[in-house]
Amino acid sequence: MHSKRVIYIDYNFKDEKYPNKPGDGDSWFTHGFGGLYARKFKEHNPDYAVECWKADPKAKKRAVKVIENVRFIIFPAISCGQLGLLSLGLLKALRGEIKNHPETILNISSFSHLLFYSVAIVLKKAHIVVQHHGESPARFKQQQHKGVRGIIWRALTVLENSAMRNVSILYVLDKI
């Protein structure tokens, strides 16, 4: 059993611009930042057990496949529109994983997303690394919207602040 473990957490978009879906073979598993980073991390750190767990609103059941020595798991998820995806199955599995392997590092591919908020808030004691890919924080979106949308983003600002308190490392991946 590996003592050095990393789980990349990512999601598959429910969007026509990103048409990956069940039945697309390996690309369904590897699509996105999480899949890319997990495979590159494993390539340069062969002594780590590396997995990539993804939430996907098109998935009907959990799917597992090993690609380039990385274990990929896709969990069914609920799409909450612009708020992102929520996967109770992924959260439950992560809770068990952290209980059994508390040294596991969780690398979440995006911070402005319901999946990040739920993982970071539920798994307070986990080692969480999150990446910033140019997305706007909820506080910025709150300032840009009035009415009902502003109220929604105000609520998400509270969630985002709560989630960020549990983050060990935040990577900002923007050009300066």
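Hydrogens, waters and symmetry mates are skipped; everything else that's a heavy atom, side chains included, is used. This one's a predicted model, so the numbers in the text were calculated from it and none came from an experiment.
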Output all residues satisfying salt bridge (charged side-chain N to carboxylate O under 4.0 Å, His left out) with Lys92, sequence neighbours left out; order by chain, then residue number.
->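 For Lys92 there are no salt bridge (charged side-chain N to carboxylate O under 4.0 Å, His left out) partners, ignoring immediate neighbours.
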
Shortest non-hydrogen separation from Leu114 to Cys80 and the atoms involved =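 Scanning both residues completely, I find the closest heavy atoms to be CD2-SG, 3.7 Å.
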
So which heavy atom on Tyr117 is nearest to which on Ala163, and how close?
->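 Looks like CA-CB, 4.0 Å.
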
Checking [X] side chain against [Y] main chain: does a donor-acceptor pair fall under 3.5 Å?
X	Y	result
His113	Leu115	yes
Arg95	Leu91	no
Asp56	Lys58	yes
Lys42	Asp47	no

Partners meeting side-chain contact (heavy atoms from CB on, under 4.5 Å) with Ala77 (sequence neighbours left out) =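 Once residues adjacent in sequence are excluded, the partners of Ala77 under the side-chain contact (heavy atoms from CB on, under 4.5 Å) criterion are Ala55, Leu85, Ser87.
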
Looking at Ile9, Ile105, Leu106, which hits side-chain contact (heavy atoms from CB on, under 4.5 Å) with Val129?
->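 In the set Ile9, Ile105, Leu106, the residue that makes a side-chain contact (heavy atoms from CB on, under 4.5 Å) with Val129 is Ile105.
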
Strictly under 6.0 Å, is that where the ring centroids of Phe41 and Tyr37 end up?
->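 Aromatic pair excluded; centres sit 6.0 Å or further apart.
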
Residue pair Trp53 / Asp10, side-chain donor-acceptor N/O under 3.5 Å |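 Side chains of Trp53 and Asp10: no pair found under 3.5 Å.
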
Less than 3.5 Å apart, which donor and acceptor atoms pair up between the side chains of residues 65-76 and the rest of the protein, not counting sequence neighbours?
from	atom 1	to	atom 2	distance (Å)
Lys65	NZ	Asp26	OD1	2.5
Arg71	NH1	Glu51	OE2	3.4

